[in-house]
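The block underneath contains the structure these notes are about, expressed in structure tokens.
Index from 1, following the sequence.
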Amino acid sequence: MICISHLLPDEEMKELVAATGVGVESIDFSISDNLDHLEKTIESYQKKLEEMGNPPLILHGPFLDLNPASFDSLIRDVTMKRFTQCYQAGLKLGAKKIVFHSGMIPCVYYREGWADKVSQFFTEFLRNKEKIEIVMENVLDEDWRLLLDVYKQVEHPNFKLCLDMGHAHCYSEIPVMEWAEGLSPYIGHVHVHDNAGDRDAHLGLGKGTLPYQEVLRILPNSEKRTWTIECSRKEDVLLCLQKIKTEGLL
């Protein structure tokens, strides 16, 4: 299943979904103000989905000011509450998956013990949650092996990893090819976009320096693996879809 991130205006999303038959990754439930009015936000987004023809849905979870790795019990509690609110929205909207950030902030958190804290958080969060797959995304993460440590410690059938190609390319000195090779068996979702290695630009494939053809061939399409094109411009979304089709990448 290929989705597009709801970074675009509603009308452009409606046009793209109708023309291409893709699913949608919503960002509405990553915003704290929307979670403060959860039922209203769910109702509003349900209408948006209906206007788009009820495409398959993935949610992007909240992340601003939150951190599953936090040592502060109050911050951890708020993170748990916000993640749970997003999960409740996912149940009501029929979401297939929810994407949550790992919370790694280099130069703030020591590598030693970080995976233990994050795995403890997700183990607790996933308790009695069997209906939606949870995928943990790399953002500022510098080393894919720490994410793998979390995955192995959580050990839950509905917990996978989300490889964000663009983040790995611009925030890590480890080549994105190594990220893909090392994590491939554990990746349930992929964020697809490009950049020049200097910043998280969310460009169309081929507009940056990311070796996207090699990365995507390491991560072949499968029944359980899903993909979101995470570009902020309509033309870049269409470019990605065209390259994926013409180059036989997925």
Identify the heavy atoms of [X] and [Y] that sit nearest to each other, and give their distance.
X	Y	value
V176	M165	CG2-O, 3.8 Å
S70	K117	O-CE, 3.8 Å
P157	K160	O-CE, 4.0 Å
I218	E181	CD1-CG, 3.5 Å
Q153	A115	NE2-CB, 3.9 Å
L249	K243	CD1-O, 3.9 Å

Can you measure from [atom1] ([X]) to [atom2] ([Y]) and round to the nearest 0.5 angstrom?
X	Y	atom1	atom2	answer
E137	D164	CD	CG	4.5 Å
T209	D194	OG1	CG	6.5 Å
L93	Q46	CG	CD	5.5 Å
L91	I132	CG	CD1	4.0 Å
S232	L203	OG	CG	7.5 Å
I4	C231	CD1	SG	10.0 Å

Any side-chain heavy-atom pair of [X] and [Y] under 4.5 Å:
X	Y	value
W179	S172	yes
L148	K152	yes
R82	V78	yes
L57	S26	yes
V215	H169	no
N138	L161	no
M177	P211	yes

With sequence neighbours excluded, residues passing side chain to side chain contact (heavy atoms under 4.5 Å, CB included) with [X]:
X	answer
L38	F29, L35, I42, Q85, Q88, A89
R225	S184, I187, V190, L219, P220, S222, W227
T20	V22, L241

Summary of ring pair (Phe, Tyr, Trp, His ring centres under 6.0 Å) pairs that have at least one residue in residues 189-215, sequence neighbours excluded: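 Matches after skipping sequence neighbours: H167-H193, H189-H191, H193-H202.
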Pair listing, ring pair (Phe, Tyr, Trp, His ring centres under 6.0 Å) test, anchored in residues 2-27, at least two apart: H6-Y45
Where the side chain of [X] meets the backbone of [Y], is there a donor-acceptor pair that is under 3.5 Å apart?
X	Y	value
T228	E230	no
H156	N158	yes
D141	V139	yes
S30	P62	no
N34	D28	yes
S44	K40	no

Pairs involving [range], ordered by first then second residue, that meet salt bridge (charged side-chain N to carboxylate O under 4.0 Å, His left out) (sequence neighbours left out):
range	result
residues 49-64	none
residues 92-105	E39-K92, K97-E133
residues 198-215	K207-D236

Worked check of side chain to side chain contact (heavy atoms under 4.5 Å, CB included) between I174 and R145: CA-CA 11 Å; I174 299 173; R145 288 164 290 200; 3.9 Å; yes
Heavy atoms from other residues, nucleotides or ligands near CG of D65 exceed 12 (cutoff 6.0 Å): no
Within 6.0 angstrom of E235 CD, more than 12 heavy atoms from elsewhere: yes
Aromatic ring pairing F83/F122, orientation class (parallel under 30°, perpendicular over 60°, tilted between): tilted
Side chain to side chain contact (heavy atoms under 4.5 Å, CB included) between F125 and T79, worked out: CA-CA 10 Å; F125 174 73; T79 303; over 6 Å; no
Check against side chain to side chain contact (heavy atoms under 4.5 Å, CB included), Q120 and D116: CA-CA 6 Å; Q120 288 167 12; D116 297 334; 4.3 Å; yes
With E15 via salt bridge (charged side-chain N to carboxylate O under 4.0 Å, His left out) - residues at least two apart: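 Counting only residues at least two positions away or on another chain, E15 forms a salt bridge (charged side-chain N to carboxylate O under 4.0 Å, His left out) with K234.
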Consider only side-chain heavy atoms of I, L, V, M, F, W and Y, link residues closer than 4.5 Å, and tell whether [X] and [Y] are in one cluster.
X	Y	answer
M104	L163	yes
L59	L126	yes
I75	W114	no
I229	L210	yes
F121	V108	yes

By ring pair (Phe, Tyr, Trp, His ring centres under 6.0 Å) - contacts of Y151 (at least two apart):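 Residues passing ring pair (Phe, Tyr, Trp, His ring centres under 6.0 Å) with Y151: Y186.
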Positive for side chain to side chain contact (heavy atoms under 4.5 Å, CB included) with I58, one of V24, I98, V99: V99
L239: hydrophobic cluster co-members (side-chain, 4.5 Å): none
Fellow cluster residues of L7, listed by chain then number, with links counted only when side-chain atoms sit under 4.5 Å apart: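 L7 shares its hydrophobic cluster with I27.
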